[in-house]
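Numbered from 1 within each chain, the chains take letters A, B, ... in sequence-line order.
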Number of protein chains: 2
Amino acid sequence: MKIGELAETSGVPAKTIRYYEEIGLLPPAEREANGYRSYDMDALQRLRFVQHAQAAGLTLREISQVLAIRSEGRAPCVHVRDLLHRHLVQIDERLAELRATKRELQSLARHADALDPADCPEDVICSILVRER
Amino acid sequence: MKIGELAETSGVPAKTIRYYEEIGLLPPAEREANGYRSYDMDALQRLRFVQHAQAAGLTLREISQVLAIRSEGRAPCVHVRDLLHRHLVQIDERLAELRATKRELQSLARHADALDPADCPEDVICSILVRER
DNA sequence: CTTGACCTTCCAGTGCACTGGAAGGCTTAC
DNA sequence: GTAAGCCTTCCAGTGCACTGGAAGGTCAAG
């Protein structure tokens, strides 16, 4: 399987696959006689793993770590477990933040919708956003 | 008020305030005879506005736009209104994404917690993350 | 034999929001 | 007068995850 096909199958752009290899996230690909990268199903699996892990909120650096640990023959389970728990905490924090932002935004939006632009006073930057909450 | 004091009062590092000026987010500060930047309460208000707008999820670029529109004498209300509504949509999307990620992560974490690392098979990258959902 | 779709490397840029550090000037207190 | 702690500019780097483009090699179809 050439890089274009892998890109097609996985949905990850060829450029990005090369980039992943470059930063060591993926192992150097096998090469055909002509120098083209050649991939097997393992490569697809690895790429899918990267996608899953990314969807789970892990950074490429963290994914690299898991991959590296695995390739050393150690089971990354404990490591992954920690990573997962840490990310769950982070996600909860981020969720709380986002919800607060949403409330703030909604209150601002309600205020904005009730305003006639002509009423905007000249002496403040923007009465919608500046008013005290 | 010198930059350090403004930084102290606002909680925004002096470095960042200079950066904001550099990118045109804040207007060039008044200078004292010795070249030091000098700020008044308006500056503090602008900085607070930036903080609020940032907390509301606007990018510095968007905040610049609002500030620029205002400084042209036009009321940015309509613009801000649009911005707010667009950001509300974005936040809802991001919230949905995050919640999905959280569910995914929780399911992975439950799986990981139930696993003995010794059970990790050697032939997959990481059974926690790779398994089908 | 050419056209077009692939593939290669390499370098450089993007976007976002800073942040660090060097080299030097100013101010205040002792 | 000197030391600490401000301030200035300028350049450069950070982190994350790509993305673009140039210049060139390869392959299959017509």
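In this structure, I23(A) reaches neither bases nor backbone, as no heavy-atom distance under 4.0 Å exists between it and the strands shown. Looking at heavy-atom distances under 4.0 Å, R61(B) makes contact with sugar-phosphate atoms alone, never a base.
For the pair R31(A) and dT9(C), the criterion of a side-chain N or O lying under 4.0 Å from OP1 or OP2 is met. Close to dA17(C), at under 4.0 Å from its OP1 or OP2, lies no side-chain N or O of Y20(B). Regarding contacts with the backbone of dA17(D), every side-chain N or O of T16(A) stays at 4.0 angstrom or more from both OP1 and OP2. Not one side-chain nitrogen or oxygen of R37(B) sits closer than 4.0 Å to the OP1 or OP2 atom of dC26(C). Note on T59(B): every side-chain N or O is 4.0 Å or more away from OP1 and OP2 of dG15(C).
Between dC18(D), dA17(C), dT8(C), one nucleotide has an atom nearer to the side chain of L60(A) than all others, and that is dC18(D). Which of dA17(C), dT9(C), dC18(D) sits closest to the side chain of Q54(A) comes down to dC18(D).
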Could you list the donor-acceptor pairs under 3.5 angstrom formed by side chains in residues 2-10 of chain A, with sequence neighbours left out?
{"residue": "T9(A)", "atom": "OG1", "partner": "E5(A)", "partner atom": "O", "Å": "2.5"}
{"residue": "S10(A)", "atom": "OG", "partner": "L6(A)", "partner atom": "O", "Å": "2.7"}
{"residue": "S10(A)", "atom": "OG", "partner": "A7(A)", "partner atom": "O", "Å": "3.4"}
{"residue": "S10(A)", "atom": "OG", "partner": "V12(A)", "partner atom": "N", "Å": "3.1"}

Table please: side-chain donor-acceptor pairs of residues 22-38 of chain B below 3.5 Å, with sequence neighbours left out.
{"residue": "R31(B)", "atom": "NH1", "partner": "G35(B)", "partner atom": "O", "Å": "2.8"}
{"residue": "N34(B)", "atom": "OD1", "partner": "Y36(B)", "partner atom": "N", "Å": "2.9"}
{"residue": "R37(B)", "atom": "NE", "partner": "E21(B)", "partner atom": "OE1", "Å": "2.9"}

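With hydrogens and angles disregarded, no donor-acceptor distance shorter than 3.5 Å links the side chain of D82(B) to the backbone of H85(B).
For Y39(B) and E22(A), each mapped to the nucleotide of DNA chain D holding its nearest heavy atom, the one lying further toward the 5' end belongs to Y39(B).
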Heavy-atom contacts, protein to nucleotides 22-29 of chain D, under 4.0 Å, summarised as B (base), S (sugar-phosphate only) or - (none) per nt, yield ---BBS--
